[in-house]
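Hydrogens, waters and symmetry mates are skipped; everything else that's a heavy atom, side chains included, is used. Per chain, numbering begins at 1; letters A, B, ... match sequence-line order. Every value quoted in this text rests on a predicted model; they were computed, and no experiment measured them.
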2 protein chains.
Amino acid sequence: MYAYQRLIFPQWQTETGVNEIYSMAGHLVRRLNQISMAVFSERMGELGVELTPVQYAALSSIRETPGIDQATLAGAIAYDKATIGGVVDRLAGKGLILRGMSARDRRARALTITPEGEALFQRVTPHIRTLQNDILSGLDDAEKTQLLNLLRKTTDAGNTRSRAPLRRHNEGESA
Amino acid sequence: MYAYQRLIFPQWQTETGVNEIYSMAGHLVRRLNQISMAVFSERMGELGVELTPVQYAALSSIRETPGIDQATLAGAIAYDKATIGGVVDRLAGKGLILRGMSARDRRARALTITPEGEALFQRVTPHIRTLQNDILSGLDDAEKTQLLNLLRKTTDAGNTRSRAPLRRHNEGESA
DNA sequence: GATTTTTAGTATGCATACATACTAAGATCG
DNA sequence: CGATCTTAGTATGTATGCATACTAAAAATC
């Protein structure tokens, strides 16, 4: 049945489906991201926590670098600064972070984590860690490692291609 | 300072950065999806075409299955039906598809591609194909194949975990 | 065949995600 | 030091992406 189609339109037949898009990198990456978001959201729901992936990433970065400004934060977790504005808004609205004023730059906001934010971070982080494994279901440990290595390699190489490249500001700064 | 952290929390130090999130599956997948979207958008921009990844996927699916309804379309490309409503709106607004009435079901819309849609599809498809390769930069051909196989395997396994699972309705239907 | 359940599509609301444009302020340069 | 350039943050607009709720119609059940 598929063999017949393969004779006529080879591009329509892949291992995973009929339409060519099913075998495209873009489609597969989007699907895995979709699964990743669903697993994250589901696990947070089970914990009774309202926290999105970006919000966790931002919280983690603010916690790591107290007083960080929004632009640096955006670069640190590879998001658009316009997007980060809203994320920071919601984190502050939940009382997880504070938006202070920067001493050096009157334009900039100095972000710090609150005790509530720290407590939530401590509480959810173990679950975030174990959840990473569930994202890559159907693979054995060796395959997971392999996939993670390939993802790291290609995201590193393609970093500047994205509209919001990752900027590791503290690289080489600290002693 | 970070060297000190490395001694205590080795998981904080990865090849790509200091923060633990940089090595997490969720983060890496999101980054690659971000790169994928940027490459797609940039290529379409060069062609002077206003078309998003979802819109292309929908167009491709409607073209493949003329008369498809929105719910089946949503399942066929793994999107939420609410999202697809808007996507179909915009495709129809651009004159790329038609939203007819279903003969069998008065609730359902029968979607068909227009000559303009077909022409656009024919024009962009070769570029969409070559663009897939650019998404996975920094990898050699063997690594790209390996990554695609792992992505296929894990998205297959995790399919039902996502909120909008892929449903291949025409599996076994065609001759 | 009437009731119940499911389903197709839409509406609404929230949260990314990013382009563009704008203001205010810091940085640079002549 | 004044003009220019750049940058931090915000505002606005578009497009996902999905939850929830709703209407209308089809399907299933009794």
Whole angstrom is fine here: how far is it from CZ in A:R106 over to P in C:dG26?
-> 5 Å
Would you mind reading off the distance between B:M37 atom CE and C:dT16 atom P, rounded to a whole angstrom?
-> 15 Å
Atom pairs and distances, donor-acceptor, side-chain atoms in residues 90-99 of chain B, under 3.5 Å, two or more places apart:
| unit_1 | atom_1 | unit_2 | atom_2 | d |
| --- | --- | --- | --- | --- |
| B:K94 | NZ | B:E50 | O | 2.8 |
| B:K94 | NZ | B:Q55 | OE1 | 2.7 |
| B:R99 | NH1 | B:Q70 | OE1 | 2.8 |
| B:R99 | NH2 | B:D89 | OD1 | 2.8 |

Ignoring hydrogens and angles, state whether a donor on the side chain of B:N19 or A:S60 is under 3.5 Å from an acceptor on the partner side chain.
-> yes
5' priority, DNA chain C, between A:D105 and A:A164 [closest heavy atom] = A:A164
When you measure from the side chain of B:N149 to the backbone N and O of B:T145, does any donor-acceptor pair fall under 3.5 Å?
-> yes
Could you go step by step and tell me if A:E42 and B:R161 meet the salt bridge (charged side-chain N to carboxylate O under 4.0 Å, His left out) rule?
-> CA-CA 9 Å; A:E42 192 189 349; B:R161 274 188 173 77; over 6 Å; no
NA contact type, B:T52, heavy-atom cut-off 4.0 Å: base, sugar-phosphate, or nothing?
-> sugar-phosphate
Integer-rounded Å distance: C:dA19 C1' and B:E42 CD | 14 Å
Closest nucleotide of DNA chain D for B:K81 versus for B:G86: which of these residues is on the 5' side?
-> B:G86
Beyond-backbone contact of B:R123 with B:L47, side-chain heavy atoms, under 4.5 angstrom | yes
Nucleotide interval of DNA chain D bounded by contacts with chain B (heavy-atom cut-off, under 4.0 Å) | D:dA15 to D:dA26
Pick base, sugar-phosphate or nothing for B:A82, based on heavy-atom distances below 4.0 Å to the nucleic acid.
-> base
Distance, rounded to the nearest Å, where A:L59 contributes CG and C:dT16 contributes P = 13 Å
Between C:dC18 (C1') and B:R30 (CZ): distance, integer Å = 13 Å
Between CZ of B:R31 and C1' of C:dC18 the distance, given in whole Å, is 14 Å
Rounding to a whole Å, what distance do you find between B:R107:CZ and C:dT5:P?
-> 17 Å
Could you check how far CD of B:E50 sits from C1' of C:dC18, rounded to whole Å?
-> 13 Å
Do A:T155 and A:L166 have side chains that get closer than 4.5 Å, going by heavy atoms?
-> no
Which sits closer to the 5' end of DNA chain D, A:Q34 or A:D69, going by the nucleotide each is nearest to?
-> A:D69
Side chains of A:Y79 and B:R30, donor plus acceptor under 3.5 Å = yes
